[in-house]
Amino acid sequence: MSVLLDVKDLKKSFGGLWAVKSYSLELPKGKIYGLIGPNGAGKTTIFNMINNFIKPSGGRISFNEVDITGKKPDFIARLGIARTFQNLRLFRNLNTEINIKIGGHKYLKYGFYDLITNTSRYKKEEEDLNKLVNEIMNLLNLKRYKDSIVGSLPYGIQKRVEIARALVSKPELLLMDEPTAGMNPSEARELEEFVKEVKEEFSLTILIIEHRMPFVMRLAEKIQVLDHGILIAEGIPEEVRTNRKVIKAYLGEVKNLA
Amino acid sequence: MKKDMTKGILTIVLFFIILWIAQQNLNKYVMFIIDLIGVYMLIVLSLNLTNGYTGLFNLGHAGFMAVGAYTSVLLTFPAAARKFAALPYLPPWLGGPNYQWPFLPALLMGGILAALLAIPVGLPALRLRGHYFAVMTLGFMIIMETIAINARGLTRGALGINAIPTYTNVFWTYGWILIFLYIDIMLMRSSYGRAMLAIREDEIAAQAMSINLTKYKMVPFVLSAFFQGIAGGLFAHLTTNISPYDFSFDLTFATIIMLIIGGSGTMTGAILGTSILTALSFALKPVEEGLRLYGLIELIYSALLIIVMIKWPLGISGGNEWTLDYIARKLRLKRKDTYTT
């Protein structure tokens, strides 16, 4: 099994504060891995470094054996890394269809000349994208919200739009930053089934940051636990659940009360 | 699709016939106002590419206009009058001292020079966001004004250039608007337009969707500079005299206000804003002079800006393109409302 995403000794310090201090990951193709940890542990920082929204202070990230450390974010996205954001970063004033279409931007390679003169290349590429967008909207039951402005949709639907937008680019790797934040348990259950489905459908590899333990424990094949920028545990969900260090990081230590 | 095309072509033909009739019957002053509305409309429409769609608050458009205006004036100025006007003769590689360019190539040259200038200006400026970008482009406008004042050999400095031949008429201005609208519509239907909107909404998410920020900020910036250069040329050949102060703060903010009151981000807004405000300023001119309250027009502009911002934050157009379908739908909704109440 080949390694899709290979992170070695990733570091980030803000001023004198280590947000991430040595993080490594070997994510094989076709797996779902989880990344958990208390608030402020540096999880989102790691995602942002993979996208290069934040420049790493040290370390190396390679994707499909291509070194992507310090490359431009749009170049990295073009290689096949899509992501969803913790607090939803949708294009709020645009409608659902355009939002999802923008996700497929990398498949539109025609130039300025093509669009002004309406060439067959322009028509074909737009048509192909339309087809793909329709497919994805059907898959996620978003058809009826096609023309609605995204900012006015309910939160759960917005989450679905964001996932749709990430899927349209047919990524190899999907980074999901707290997908169930703000969802109730039944919605989270639904999302779980959905993630499993799309993973098969699109043969995805997924890295999930999550706070909701049951969700991530059921989905992920392997879980890493981060605390204060350091990996404190790594393993299958069962191991992590019973790991003393993890319990300590989340719940604190039992002191002698007497 | 075919039906829409014929409808569109018919509308355009009808519009130009009306313009032709107007030109035959209306007096020169009214035609001048209609022309000037056209020139402003081209400026505001092209400003909408950056300020409206891409969310780049560009204040440098007057600078690009100046480039277009001076270029086309220097190329088309009658050779015989150059000595008298203290303007330089054309160098041999531009046709020699006895040559005078026709209007269209001179206009295009002004547009192209403005667009070329936009690239070195844009490269550093487009790395900035929000207010920083606005201030930098405003700085560019001031630099261009200063150059125009001090490069006396080319521009006659603060004196300005007079007796420019009048070439601009309604067909020139509205013809260019037509070309612009076509490009605008095609652009906004394509990946380019969507990428621009995405950048306006959220730069980080846009990057995560593999949108190259530099490219998709540069395209609207250069394109709008091109059309502002053209508009500058049209302006010079309409008013027949230009000075560096024509391309300064007054013009910058008047056009910005037109865009905001009309509704930035829509072509409708740009068209409505320019038409209403320019017509209003000419209608108020006699009032201003009669009452001897100079500055009344600017006062009313700013009051209007405040009122519109409070009442309709998205401008008069409300963020919608007023296509025939849209207007029909609105009217139908209105009628339904009256039935139910």
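Note that the structure is predicted; figures quoted are calculated from it, not measured. Numbers restart at 1 for each chain; the letters A, B, ... are given by sequence-line order, proteins then strands.
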To the nearest 0.5 Å, atom CD1 of B/Ile211 lies from atom CZ of A/Arg78 at 9.0 Å
Does any part of the side chain of B/Arg194, heavy atoms only, come nearer than 4.5 Å to the side chain of A/Phe91, both counted from C-beta?
no
- Item | Neighbour count above 12 (heavy atom, 6.0 Å) for A/Lys71 NZ | yes
Nearest heavy-atom approach of B/Met186 to A/Tyr122 is O-OH, 4.4 Å
If you count every heavy atom of other residues, nucleotides or ligands that lies below 6.0 Å from A/Met137 atom CE, does the total exceed 12? yes
Given A/Leu129, A/Leu108, A/Asn51, A/Asn93, the one with more heavy-atom pairs under 4.5 angstrom with chain B than any other is A/Asn93
- prompt: Considering only heavy atoms from C-beta outward, does the side chain of A/Asp74 approach that of B/Asn212 to under 4.5 Å?
  reply: yes
Scored by heavy-atom pairs under 4.5 Å with chain B, the best of A/Arg83, A/Arg89, A/Glu125, A/Lys72 is A/Arg89
Under 4.5 Å to a heavy atom of chain B? For A/Leu79 that would be neither
message = Side chains of A/Leu90 and B/Asp202, heavy atoms from C-beta outward: is any pair under 4.5 Å?
response = no
For B/Ala208 and A/Phe85 the tightest heavy-atom approach is CB-CZ, 3.9 Å
Looking only at atom types and distance, does a side-chain atom of B/Glu201 sit under 3.5 Å from a main-chain N or O of A/Leu94, one as donor and one as acceptor?
no
Validation row, ring centre A/His105 to ring centre B/Tyr216 under 6.0 Å = yes
> Take atom OH in B/Tyr132; do more than 12 heavy atoms of anything else shown fall under 6.0 Å from it?
Replying inline: no
Under 4.5 Å to a heavy atom of chain A? For B/Leu314 that would be neither
Is the backbone N or O of B/Ser190 less than 3.5 Å from a side-chain atom of A/Tyr110, with the two atoms forming a donor-acceptor pair by type?
-> no
One should read off an interatomic distance between B/Ser210 OG and A/Lys106 NZ, to the nearest 0.5 angstrom, of 6.5 Å
Is it the case that more than 12 heavy atoms not belonging to A/Lys143 sit under 6.0 Å from its NZ atom? yes
Cut-off 4.5 Å, heavy atoms of chain B, and the answer for A/Phe112 is both
Max heavy-atom pairs within cutoff under 4.5 Å with chain A, candidates B/Leu213, B/Val219, B/Ile204, goes to B/Ile204
Applying a strict 4.5 Å limit to non-hydrogen atoms, the region of B/Leu187 in contact with chain A is both
* Neighbour count >12 (heavy atoms, 6.0 Å) for atom CZ, B/Arg127 -> no
Smallest heavy-atom separation, A/Pro73 atom then B/Gln207 atom, equals CG-NE2, 3.5 Å
